[in-house]
Amino acid sequence: MKSLKNFEINAETKLACLIGDPIEKSFSPKIYNAWFNHFKLNYVYLAFKIPPFKLKEAINGLCILNVIGFNVTIPHKISIINFLDEIDSQAKNIGAVNTVLNKNDKLIGFNTDIDGVFYAFDKANVSINDNTCLIIGAGGAAKACAHAFSIRKCEKIIILNRSLEKAILLSKEIKEKYGIESLYGELNKENIKKFSNISDIIVNATPLGSYYALNESIIPKDFLRKGLVVFDVVYNPTKTKLIKDAIDKNAKVVYGIDMLIGQASKAFKIWTGLEPPIEIALKLLNLS
Ligand code: NAP
């Protein structure tokens, strides 16, 4: 087994972790351990593969081990809510939790994915206000985008998804919670073309383009244009086919890796009260 550089794990080391399935490709252990190390905090971050039927047991175990907190990923972001003592307002509103703080044996749930979306758009210097946004996908990442865009007062949200019923549900939720005009439709080329033409921002919130579907892009290159903002939530690789196509077409791009770093940075602050150095994460991921 490889030894950890700089880390000295001892009897007082406290645990933070990720629970989900799959977790093997997660960047989180790299990022958080580097930040803990930077501040000389006696914490360590691990990733645990937990299937849904073991979620309750896993949470009991984490409480017994007195973790400082944990991140939650697919498929537990919604079901985790049943096991928490408190949920902050942002997480309650979106109905999903990706960060849990263990405060004096009370588990408090947060959603920092929304903060991640804000961070990525702010970093790219892209305003959401008054824009029409096309979101492809209706899962967890799409939900975070739809809520973030609504909070930042976009004009209209269009949701296209492979399973139409999920697009309908998310669209309804946005209309009811924020009073924002929201359309939905089936995911097909015709709709992607029609709606990308009237949109200012388009988002891929599906896994297409990620490491196991590298050469795929949900949005044909021909539909991209100068003046459009293209956000790909996929962060591995950083430059997906969609992002490369968008750059070729002189569109403005917003990176999924920045959403990831933005949400991690907020979670770190929730656990430690400290603002982590973003440049350490960028360097680690070879992005600086
Ligand atoms: P999810 O909740 O499982 O949702 C996946 C979405 O993608 C669903 O709308 C699904 O459609 C759609 N989809 C899956 N495969 C598809 C295909 N072959 N063709 C068309 N649509 C397809 O997952 P998620 O949490 O939203 O994650 C989606 C991606 O975002 C992943 O790659 C994940 O790593 C990434 N992500 C990034 C961040 C970040 O910080 N950058 C945060 C969260 C997630 P159906 O409803 O029809 O199944």
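In each ligand, atom 1 is the first atom listed, and ligand 1 is the first ligand listed.
- In summary, the side chains of H147 and E173 do present a donor paired with an acceptor at a separation below 3.5 Å, with no hydrogens or angles considered.
- Ranking protein heavy atoms by distance to atom 4 (O) of ligand 1, first place goes to G139 CA, 3.4 Å.
- Of the heavy atoms in I136, none comes closer than 4.0 Å to ligand 1.
- By the 4.0 Å N-to-carboxylate-O rule, K241 lies close enough to D245 to be salt-bridged with it.
- Atom 28 (C) of ligand 1 has its closest protein heavy atom at A205 O, 3.9 Å.
- Comparing heavy-atom distances from atom 15 (N) of ligand 1 across R162, K25, K77 singles out R162 as nearest.
- Ligand 1 places these atoms under 4.0 Å from at least one heavy atom of G137: 9 (O).
- Just one residue in the list T240, T206, T238 forms a side-chain hydrogen bond (donor to acceptor under 3.5 Å, both in side chains) with D232, and that residue is T240.
- Between I151 and F118 the shortest side-chain heavy-atom distance falls below 4.5 Å.
- Residue nearest to atom 35 (C) of ligand 1, selected from D258, V233, I135, N204: V233 (by heavy-atom distance).
- Every atom of ligand 1 is numbered from 1 in the order shown, and the set under 4.0 Å from a heavy atom of A138 is 9 (O).
- At least one side-chain heavy atom of F83 sits under 4.5 Å from a side-chain heavy atom of K56.
- Between P75 and D21 the shortest side-chain heavy-atom distance falls below 4.5 Å.
- Annotation: side chain of H76 is in contact with side chain of S79 (closest heavy-atom distance under 4.5 Å).
- Annotation for ligand 1: atoms under 4.0 Å from non-hydrogen atoms of Y235 are 34 (O), 37 (C), 39 (C), 41 (N).
- Residue T73 does not touch ligand 1, judged by heavy-atom distances below 4.0 Å.
- Side-chain contact between I94 and D113 is absent, with no heavy-atom pair separated by less than 4.5 Å.
- Backbone and side-chain nitrogen or oxygen atoms of L208 are examined, and none is located within less than 3.5 angstrom of a nitrogen or oxygen of ligand 1.
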Would S210 and N236 count as a side chain to side chain donor-acceptor pair (under 3.5 Å) here? Give the steps.
CA-CA 6 Å; S210 60; N236 183 12; over 6 Å; no

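- Contacts of N161 with ligand 1, taken as heavy-atom pairs under 4.0 Å, involve the side chain alone.
- Summary of contacts: the protein heavy atom closest to atom 2 (O) of ligand 1 is G140 N, 2.9 Å.
- Here is the list of ligand 1 atoms found below 4.0 Å of a heavy atom in P207: 7 (O), 13 (N), 14 (C), 15 (N), 32 (O).
- Between G256 and ligand 1, a contact under 3.5 Å exists for at least one N or O pair.
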With a 3.5 Å cut-off and sequence neighbours excluded, list the donor-acceptor pairs that the side chains of residues 187-194 form with protein atoms.
| unit_1 | atom_1 | unit_2 | atom_2 | d |
| --- | --- | --- | --- | --- |
| N188 | OD1 | E190 | N | 3.3 |
| N188 | OD1 | N191 | N | 2.8 |
| N191 | ND2 | E186 | O | 2.9 |

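- When side chains are defined from C-beta on, L285 counts as touching I31, because their heavy atoms get closer than 4.5 Å.
- Distance remark: protein heavy atom present below 4.0 angstrom from atom 22 (C) of ligand 1.
- Geometrically, ligand 1 and Q263 share no nitrogen or oxygen pair separated by less than 3.5 Å.
- The two residues G109 and L84 have their closest heavy-atom pair at CA-CD1, 3.7 Å.
- A single hydrophobic cluster is not seen to contain both I135 and L260; linkage of ILVMFWY side chains at heavy-atom distances under 4.5 Å, directly or through other members, places them apart.
- Looking at ligand 1, you won't find any N or O of I218 less than 3.5 Å from one of its N or O atoms.
- For atom 24 (P) of ligand 1, the nearest non-hydrogen atom of the protein is A141 N, 3.8 Å.
- Nearest protein neighbour of atom 42 (C) of ligand 1, counting heavy atoms only, is M259 CE, 3.7 Å.
- Among all protein heavy atoms, the one lying closest to atom 45 (P) of ligand 1 is S163 OG, 3.3 Å.
- Listed by number with element, the atoms of ligand 1 under 4.0 Å from a non-hydrogen atom of L187 are 20 (C).
- Geometrically, ligand 1 and D113 share no nitrogen or oxygen pair separated by less than 3.5 Å.
- Those atoms of ligand 1 with a heavy atom of K166 less than 4.0 angstrom away are 45 (P), 46 (O), 48 (O).
- Here's the thing with I74: none of its N/O atoms is less than 3.5 angstrom from an N/O atom of ligand 1.
- Put simply, CH2 on W271 and NZ on K14 are 15.0 Å apart, with the number rounded to the nearest 0.5 Å.
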